[in-house]
Amino acid sequence: FDISKSKIKDPVIVSCTDGVGTKLELANKYKKFDTIGIDLVAMCVNDLIVQGATPLFFLDYIAVGKLDLSKTKKILKGIYKGCKQSNCKLIGGETAEMPGVYSKDKFDLAGFSVGIVSKRKILSKHNVKNKDIILAVPSNGIHSNGYSLVRHVLKKKKIDITKNNFLKTELLKPTKIYVKEVLKLINKKLLISCANITGGGLRDNLSRIIPHGKTAEINLKNIKTFKIFKWIKKSGVSEYEMLKTFNCGIGFCLIVKKKHIRKIQK
């Protein structure tokens with residue numbers, strides 16, 4: 001990858017690696033392989049942009065018990081689509097056949113993304129001040145966190161999601177990629193700091209971008225909770241566990257100056 005094209009005088013390389021977790025189990029069980037690659041890219045690039053970095057390229061690692069070319073092509077198609085959504089290049093990867101480690105139809109995915117940012121423009125929690133505002137950006141559903149709990153609920157209630165269109169759509173929906181929107185705001189110098197709301201929910205992810213000695217004031221009544229999260233809660237999951245495990249409708253948070261809110265909303 002030719003880094004000189006970036007034209008950044010003080011470049012810093014940023015890298016992230018992640019997987020999709022047990023969402024893979026549902027994708028495998030219900031043979032939905034064409035979007036799980038989008039999840040893989042999203043879990044990596046959404047973490048890159050919180051530091052102000054622009055994604056450059058992506059690598060994938062697919063481990064299988066027995067190679068099924070049709071299935072692997074569908075997975076790769078999703079990875080390519082995720083890269084396209086994030087304006088980064090898929091420049092390589094590895095597919096490993098590991099019989100004995102994975103049973104015949106089982107597989108695992110890992111992704112690795114690399115981005116670039118000007119040293120002067122790295123987003124830092126140290127720039128967060130009193131009376132700055134936290135803006136919540138909606139998720140498009142569960143994303144790729146909390147699926148062990150989701151699968152536990154499905155098993156407990158003996159639900160087959162192929163017979164429930166709402167659950168099938170929601171549980172296998174690919175993770176939203178925030179790259180284009182967030183980078184636009186970064187380029188216009190409208191962001192102080194931001195957080196990708198993944199495992200750990202609002203509390204754990206926001207606390208990473210707030211300086212020591214400061215606290216965030218969040219009114220949970222302002223959160224528009226989607227139907228899928230209400231369904232999980234009704235299935236016997238406590239509110240504490242919901243907020244700790246899921247994004248509950250907020251996929252990304254932006255910390256901004258109050259005076260910039262209208263520009264950002266536009």
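Residue numbers run from 1 in the order of the sequence given. Predicted model only: the values in this text are computed from it and were never measured.
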| said: For Lys173, is the NZ atom crowded, meaning more than 12 foreign heavy atoms sit under 6.0 Å from it? | reply: yes
| Non-neighbouring partners of Asp18 that pass salt bridge (charged side-chain N to carboxylate O under 4.0 Å, His left out), sequence neighbours left out | none
| Among all residues two or more places apart in sequence or in another chain, which pass the side chain to side chain contact (heavy atoms under 4.5 Å, CB included) test with Ser4? | Asp2
| Should Tyr61 and Val64 be regarded as members of a common hydrophobic cluster, given that ILVMFWY residues are connected when their side-chain heavy atoms come within less than 4.5 Å of each other, either directly or indirectly? | no
| said: Counting neighbours of NZ on Lys257 that are heavy atoms of other residues, nucleotides or ligands and sit closer than 6.0 Å, is the number greater than 12? | reply: yes
| With distance as the sole criterion, is a donor-acceptor pair present between the side chains of Asn28 and Lys71 under 3.5 Å? | yes
| said: Against Phe246, only a single residue in Leu202, Leu149, Asn145 fulfils side chain to side chain contact (heavy atoms under 4.5 Å, CB included); can you say which? | reply: Leu149
| Geometric class of the Phe57/Phe1 ring pair [parallel <30°, tilted 30-60°, perpendicular >60°] | tilted
| message | Can you confirm if the NZ or CZ of Lys168 lies within 45° of the ring axis of Tyr30 and under 6.0 Å from the centre of its six-membered ring? | response | no
| Using 4.0 Å as the upper bound for N to carboxylate O, is an ion pair formed by Glu25 and Lys106? | yes
| field | Test item: side-chain donor near acceptor, Asn196 and Thr198, under 3.5 Å | value | no
| task | Applying ring pair (Phe, Tyr, Trp, His ring centres under 6.0 Å), name anything that partners Tyr178, two or more places apart in sequence or on another chain. | result | Phe252
| query | Near Tyr80 OH, under 6.0 Å, is it more than 12 heavy atoms from other residues, nucleotides or ligands? | reply | no
| So if you build clusters from Ile, Leu, Val, Met, Phe, Trp, Tyr with side-chain heavy-atom gaps below 4.5 Å, do Val45 and Leu185 land together? | yes
| field | Same apolar cluster (I L V M F W Y, side chains within < 4.5 Å links), Ile91/Ile62 | value | no
| said: Do Ile209 and Val137 sit in one hydrophobic cluster, given that two such residues count as connected whenever their side-chain heavy atoms are within less than 4.5 Å of each other, even indirectly? | reply: no
| In one Ile/Leu/Val/Met/Phe/Trp/Tyr side-chain cluster, 4.5 Å: Leu183, Leu190 | yes
| request: For atom NZ of Lys84, decide whether the heavy atoms of other residues, nucleotides or ligands shown that lie under 6.0 angstrom number more than 12. | output: no
